[in-house]
There are 2 protein chains.
Amino acid sequence: MARPSRKGVEPEGDVRRKLLAGAAGLFASKGYAATTVREIVERAGVTKPVLYYYFRSKEGIFLELMREPLERFAALLDTATSEDGTARERIARLCVRAYEVFVEHLELARVMFAIYYGPPQGAPFVDFDASHIRFQDAVLKLLEEGIRRREFRKGNARDMMWAVIGAVNVAMEQELCRPRQSIGRGGTERMLGILFDGIALGKDEAKGRGKGR
Amino acid sequence: MARPSRKGVEPEGDVRRKLLAGAAGLFASKGYAATTVREIVERAGVTKPVLYYYFRSKEGIFLELMREPLERFAALLDTATSEDGTARERIARLCVRAYEVFVEHLELARVMFAIYYGPPQGAPFVDFDASHIRFQDAVLKLLEEGIRRREFRKGNARDMMWAVIGAVNVAMEQELCRPRQSIGRGGTERMLGILFDGIALGKDEAKGRGKGR
DNA sequence: GTCTATATTGAGATAGAC
DNA sequence: GTCTATCTCAATATAGAC
């Protein structure tokens, strides 16, 4: 006879993971407020009390979802400052890694973007701003070092930082809106190359210098 | 005696405008799904049937809100191609105008960004993608013209376009997230200057050329 | 841990008087 | 055009059996 108090014979923690995965997909495709607990549990093949058992509330499962990607991003920034190479290389490396973490967590990234740039949708507070500012600071530091090392011209490092952040963001946003025409890792690197080298043709350089571009 | 069937003595169309303004603020601060009809009508100082009388539904008032900004943006793009100046000037002019239209409609812009980059939140479909692609095309055309005119180096015009769009977007996004530290019109222009000129210090130009920066 | 059944609240929308 | 009163439905969350 089958054991009585087991039904789905789920491996350990599998229900929990299914709930998280389903919630991520739903939050990403409909938004936090428009997603109902009923949909989440249906997608996981369980009933409502199971969700409340594992996560206490709809807010609870949301917060649990945000945790891991934010931790990975923070870890990324921690390593960014302690590496070698030219400023160009280090900036490109940091940006490409941020882009890749983003792509790996595309669904949750969509939820985060929507809440960070847009209205919170009734979702519980998460300090996305802190992460973003840490990212900005990391890029700014690398740019300032590049200027000190005479790898970059003197100039407003903040403006440079915004242009760099803009390049990374646009690659991420394209991934969200038109993944079939993704800018990709390569495109991100080429954009950064443009920032470093410029696109203007100086009067004195009509023929030469067409190096990386 | 006072006229019987008038209460608030509202000027013509004032109730309608109040409903639109209130809805814009609420959609921007809470999101479409998380905003209730009750809140909208309370903010306008009327009751629910009034909203349904003017806009037929919650979706109706949303669509009405989206209309004007999208039309203004479309008009902007129409004029962008038929102007004179260098490619640099024309690109900067287009981008700065787009940025300014964005800032003028900051609340609605927030709602649009959230829905375009994120989940639709249960809001009715609006083709934001079409507008964005028209913007990309306008920038791309101007860049290609700049290359033909030897104002810019030969190179991948699409990559340049993304970098330009990224600069505009990051200015807009900063306006959404930290308006007190806005990049502003000036910052947007300086970012574009960086794209045009680059930030790298070539081996041959250690002393000269520090022009616009 | 997972279920059925239900409490409770508030949503979007409308009828019908004025 | 604007109100009061109400319909209908679905939401989050929980009680209590197994």
Side-chain angles (χ1 to χ4, degrees), chain A residues 1-23 26-27 29-65 119-125, chain B residues 1-24 26-27 29-65 111 119-125:
Chain A
M1 259 108 275
R3 279 191 246 72
S5 64
R6 287 284 277 195
K7 178 126 150 273
V9 197
E10 306 284 2
E12 305 282 337
D14 204 41
V15 168
R16 196 188 137 92
R17 273 206 312 280
K18 268 192 195 166
L19 282 167
L20 284 169
L26 286 161
F27 289 154
S29 66
K30 314 186 31 172
Y32 178 82
T35 296
T36 69
V37 171
R38 206 175 70 84
E39 289 170 310
I40 299 174
V41 297
E42 260 174 17
R43 190 173 278 207
V46 296
T47 55
K48 279 199 265 186
V50 180
L51 184 145
Y52 287 94
Y53 172 80
Y54 283 108
F55 303 103
R56 301 176 46 98
S57 68
K58 187 184 174 188
E59 295 200 346
I61 197 170
F62 175 83
L63 291 171
E64 184 61 24
L65 276 173
Q121 304 180 33
F125 177 75
Chain B
M1 257 111 274
R3 279 191 246 72
S5 63
R6 287 284 275 196
K7 178 123 149 278
V9 198
E10 305 285 3
E12 305 281 337
D14 203 42
V15 169
R16 195 187 137 92
R17 273 206 312 281
K18 269 192 195 166
L19 282 167
L20 283 169
L26 286 162
F27 289 154
S29 66
K30 314 187 30 172
Y32 177 82
T35 297
T36 71
V37 171
R38 205 174 72 83
E39 289 169 310
I40 299 174
V41 297
E42 259 174 18
R43 190 173 277 208
V46 295
T47 54
K48 278 200 265 186
V50 180
L51 184 146
Y52 287 95
Y53 172 79
Y54 282 109
F55 303 105
R56 303 175 44 97
S57 67
K58 187 183 173 187
E59 295 201 347
I61 196 171
F62 175 84
L63 291 171
E64 185 61 23
L65 277 173
V111 178
Q121 303 180 35
F125 177 75

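Only heavy atoms go into these numbers, but all of them, side chains included; no hydrogens, no water, no symmetry mates. Every chain is numbered from 1 and lettered A, B, ... according to where its sequence line falls, protein lines coming before strand lines.
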Do nucleotides 4-18 of chain D as a string where each nucleotide becomes B, S or -: B if the base has a protein heavy atom under 4.0 Å, S if just the sugar-phosphate does, - if no protein is that close. B------SBBBB---
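Applying the side-chain contact (heavy atoms from CB on, under 4.5 Å) rule to Arg43(B) yields the partners Leu26(B); only residues at least two apart in sequence or on another chain are considered. Remark: Arg38(A) engages Glu42(A) in a salt bridge (Lys or Arg N to Asp or Glu O under 4.0 Å) (not counting sequence neighbours). Checked against side-chain contact (heavy atoms from CB on, under 4.5 Å), Thr47(B) has the following partners two or more places apart in sequence or in another chain: Pro49(B), Val50(B). Applying the side-chain contact (heavy atoms from CB on, under 4.5 Å) rule to Ser57(B) yields the partners Glu59(B); only residues at least two apart in sequence or on another chain are considered.
Axis angle across the helix from dG1(C)-dC18(D) to dC18(C)-dG1(D), with five pairs used at each end and values rounded to 10°: 0°.
Here dC3(D) is the nucleotide among dT2(D), dG1(C), dC3(D) with the atom lying nearest to any side-chain atom of Val46(B).
Following rounding to the nearest Å, Arg16(A) (CZ) and dT2(C) (P) show an atom-to-atom distance of 12 Å. The CZ atom of Phe62(B) sits 17 Å away from the C1' atom of dG12(C) (whole-angstrom rounding). Rounded to a whole Å, the CZ atom of Phe55(A) is 11 Å from the P atom of dT2(C). When rounded to the nearest whole Å, the span between NZ of Lys18(B) and C1' of dT2(D) equals 14 Å. Between the P atom of dC3(C) and the CG atom of Leu19(A) lies a distance of 10 Å, rounded to the nearest Å. For Tyr54(B) and dC3(D), the OH to P distance is 10 Å, given to the nearest whole Å.
A donor-acceptor pair under 3.5 Å links the side-chain atoms of Lys58(B) to the main chain of Thr35(B), judged by distance alone.
If you take CZ on Arg16(A) and CG on Leu51(A), they are separated by 10.5 Å, rounding to the nearest 0.5 Å. Put simply, NZ on Lys30(A) and OG1 on Thr36(A) are 6.0 Å apart, with the number rounded to the nearest 0.5 Å.
Classification of the Phe27(A)-Tyr32(A) ring pair by plane angle, with boundaries at 30° and 60°, yields tilted.
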